[in-house]
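Working notes, beginning with the structure itself.
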Amino acid sequence: MKKDKAFIFDLDGVIVDTAKYHFLAWRNLANSLGFEFTEAHNELLKGVSRVRSLEILLEIGKVALTEDQKQSLLIKKNEEYLSYVNKMTADEILPGISKLLDYLDVNNIKYALGSASKNAPLILEKVGLLNRFSAIVDGNDVSKAKPDSEVFLIGAQKLQMKPENCIVVEDAIAGIEAANAANMVSIGIGDAELLKKATYILKDTTGFTNDFLKNLIN
Ligand code: G6P
Ligand code: MG
């Protein structure tokens, strides 16, 4: 039976906490270029594409590089990041997410992934969730990054759902803006002040109670 609501999930910061691995890899890169890279700097890279992340990092360090040098740093960063990703297991699925997916399955509510990460399929495979999503839209499928709505509109299309019947779960401001621009319901996970443009805000991924979900879906 096809229900008239569907979910689209961001990956990093919603399904798994990979921000810590991005941080380690970006910090090592910055250190190798001779400057510090802090956790606060890392916040600026949430939801941002790999290429744009490097640009922001180089602005922080006030370092100018050629295109070739940038390309080789992007490869180096991703290799280190993947060395952490390759060790990931289902233990790293954020609290409440498995229960939420079970709830959606039981209620025949479809869900897709809408992530800026080009590594999304590998990460889902590592944590054992790859086959559970009806559709996956990742950094390889989009030409315009969040806050553009493209990633979520492709997700809705793949799910054969109207945008207004899609519910996006996001931890980044750019992601909430993308969902709102797509005319979807947005659920922000994290700081209420930061994510104030979201339709609903939950402190963390344990907030998906059955009451909240029933209210949302009906
Ligand atoms: C997500 C993360 C960003 C990351 C981006 C690209 O949006 O929040 O921090 O830069 O994906 O990830 P990738 O795995 O392609 O480098
Ligand atoms: Mg995210």
Side-chain angles (χ1 to χ4, degrees), residues 7-30 37-60 70-88 92-94 97 111-127 129-130 133 136-152 154-155 167-180 184 186-191 194-195 197-198 201-205:
F7 275 66
I8 305 179
F9 290 94
D10 174 47
L11 177 65
D12 298 293
V14 170
I15 306 273
V16 285
D17 175 21
T18 42
K20 58 183 185 232
Y21 301 136
H22 282 296
F23 174 60
L24 290 175
W26 286 128
R27 187 181 60 185
N28 282 338
L29 198 89
F37 183 79
T38 65
E39 300 232 20
H41 290 142
N42 197 52
E43 282 300 307
L44 304 172
L45 309 187
K46 258 193 188 177
V48 175
S49 75
R50 196 183 310 167
V51 172
R52 181 67 194 130
S53 296
L54 178 64
E55 283 168 9
I56 295 172
L57 180 131
L58 294 176
E59 281 163 25
I60 291 167
K70 285 185 199 168
Q71 278 312 316
S72 76
L73 288 184
L74 285 171
I75 291 168
K76 198 172 137 199
K77 185 269 170 181
N78 198 50
E79 278 172 358
E80 181 174 342
Y81 177 63
L82 288 182
S83 76
Y84 305 124
V85 165
N86 276 314
K87 293 188 203 118
M88 287 179 81
E92 295 190 53
I93 299 172
L94 284 168
I97 292 295
Y111 45 92
L113 192 85
S115 167
S117 172
K118 296 189 172 182
N119 297 307
L122 174 69
I123 294 167
L124 287 180
E125 194 224 317
K126 286 287 162 192
V127 301
L129 292 178
L130 185 60
F133 287 79
I136 290 176
V137 189
D138 65 29
N140 303 293
D141 303 312
V142 294
S143 57
K144 287 170 267 166
K146 299 170 190 174
D148 192 278
S149 55
E150 185 183 21
V151 62
F152 295 136
I154 297 175
I167 300 159
V168 169
V169 189
E170 255 294 347
D171 70 318
I173 304 166
I176 295 295
E177 286 173 354
N180 293 346
M184 297 178 178
S186 53
I187 302 177
I189 306 289
D191 185 85
L194 217 63
L195 303 172
K197 289 185 187 162
I201 301 167
L202 301 175
K203 181 161 80 352
D204 58 43
T205 50

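All ligand and atom numbering here is 1-based and tracks the order in the structure. We use all heavy atoms of the structure for the numbers below, so side chains are in, but hydrogens, waters and symmetry mates are not.
- Leu29 places none of its side-chain heavy atoms less than 4.5 Å from the side chain of Glu80.
- Listed by chain and residue number, nothing satisfies the salt bridge (charged side-chain N to carboxylate O under 4.0 Å, His left out) test with Lys203 (two or more places apart in sequence, or in another chain).
- Here's the thing with Lys77: none of its N/O atoms is less than 3.5 angstrom from an N/O atom of ligand 1.
- Residue contacts with ligand 1, taken as heavy atom pairs separated by less than 4.0 Å, do not involve Leu11 at all.
- The shortest contact between atom 1 (C) of ligand 1 and any protein heavy atom is with Asp12 OD2, 3.0 Å.
- The distance criterion of under 3.5 Å between nitrogen or oxygen atoms is met by Asn119 with respect to ligand 1.
- The backbone of Leu45, and not its side chain, has at least one atom closer than 4.0 Å to an atom of ligand 1 (non-hydrogen atoms only; backbone = N, CA, C, O).
- Within the 3.5 Å criterion, the main-chain N or O of Lys197 finds a donor-acceptor partner in the side chain of Asn180.
- The option from Val48, Leu122, Leu82 that lies nearest to atom 4 (C) of ligand 1, judged by heavy atoms, is Val48.
- Considering only non-hydrogen protein atoms, atom 7 (O) of ligand 1 sits nearest to Gly47 CA, 3.2 Å.
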Name each donor-acceptor pair under 3.5 Å that joins a side chain in residues 115-123 to protein atoms two or more places apart or in another chain, with its distance.
unit_1	atom_1	unit_2	atom_2	d
Ser115	OG	Ser117	N	2.9
Ser117	OG	Asn119	N	2.9
Ser117	OG	Ala120	N	3.4
Asn119	ND2	Asn78	OD1	3.0

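- Ring pair Phe133/Phe9 is perpendicular by interplanar angle, where above 60° counts as perpendicular and below 30° as parallel.
- For the atom pair OH of Tyr111 and CG of Leu129, the computed distance is 7.5 Å after rounding to the nearest 0.5 Å.
- If you count the protein N, O or S atoms nearer to the Mg ion (ligand 2) than 2.8 Å, you get 3.
- In this structure, OG1 on Thr38 lies 9.5 Å from CD on Glu43, to the nearest 0.5 angstrom.
- With hydrogens and angles disregarded, no donor-acceptor distance shorter than 3.5 Å links the side chain of Glu177 to the backbone of Pro147.
- Between the side chain of Glu170 and the main chain of Ser186, no donor-acceptor pair closer than 3.5 Å is present.
- Proximity of a side-chain donor or acceptor of Asp141 to a complementary backbone N or O of Asp138 within less than 3.5 Å is detected.
- Residue nearest to atom 14 (O) of ligand 1, selected from Gly175, Ala174, Ser117: Ser117 (by heavy-atom distance).
- If you number the atoms of ligand 1 from 1 as listed, the ones under 4.0 Å from a heavy atom of Lys118 come out as 13 (P), 14 (O), 15 (O).
- Glu55 is linked by a salt bridge (charged side-chain N to carboxylate O under 4.0 Å, His left out) to Arg52, counting only residues two or more places apart in sequence or in another chain.
- Residue contacts with ligand 1: Arg50 is placed with a nitrogen or oxygen under 3.5 Å of a nitrogen or oxygen of the ligand (distance criterion only).
- Using a 4.0 Å cutoff on heavy atoms, Ser53 counts as a contact of ligand 1.
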